[in-house]
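Notes follow the structure.
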Amino acid sequence: MKSFTRELQFNTKKTLEIINITGEVDALIRESGIKEGLCLVNSMHITSSVFINDHESGLHHDFEVWLEKLAPHEPISAYRHNNTGEDNADAHLKRTIMGREVVVAITGGKLHFGTWEQIFYGEFDGQRRKRVLVKIIGE
Ligand code: ZN
């Protein structure tokens, strides 16, 4: 069995941003040479997510509105976590809702998706450098 590990980096312009990273993950699978196996993609931060859904801008807007309703950024003082001097309690909650990682099967050297599935990086406390781990195992 082969194993291939890489990190992707992101530094978003906005606090909250959703980025399609399917192409980058796909490129790493090709680089790994692994044809049959599994691909793990996880955020290495507790204020950002990796998730699978549709590449549709209306839906991404809906995610942002929904997350802001569930865990509004303000008022900052509404969260105990922010008593530490931070202001990102909402980002921790948003990350938990949207998840930490995805695992996708690799078949014939490609991501074995269902119809419309794409991999996204969800940033909830951006404008600083963040990392995503990609681990591919198989043969
Ligand atoms: Zn925090």
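Counting starts at 1 for both ligands and their atoms, in listed order. Remember, predicted model here, so these are calculated numbers, not experimental data.
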Heavy atoms of Cys39 and Val25 approach each other most closely as SG-CG1, 3.7 Å
Nearest heavy-atom contact between Ala91 and Phe124 is CB-O, 3.3 Å
Across all chains, not counting sequence neighbours, the ring pair (Phe, Tyr, Trp, His ring centres under 6.0 Å) partners of His81 are His92
Quiz prompt | N, O or S of Asn88 under 2.8 Å from the Zn ion (ligand 1) | solution = yes
_Using a distance threshold of 2.8 Å, state whether an N, O or S atom of Glu86 lies below it from the Zn ion (ligand 1)._
yes
min-distance N/O/S atom, His81 vs the Zn ion (ligand 1), resolves to NE2
By salt bridge (Lys or Arg N to Asp or Glu O under 4.0 Å), Asp62 pairs with (sequence neighbours left out) none
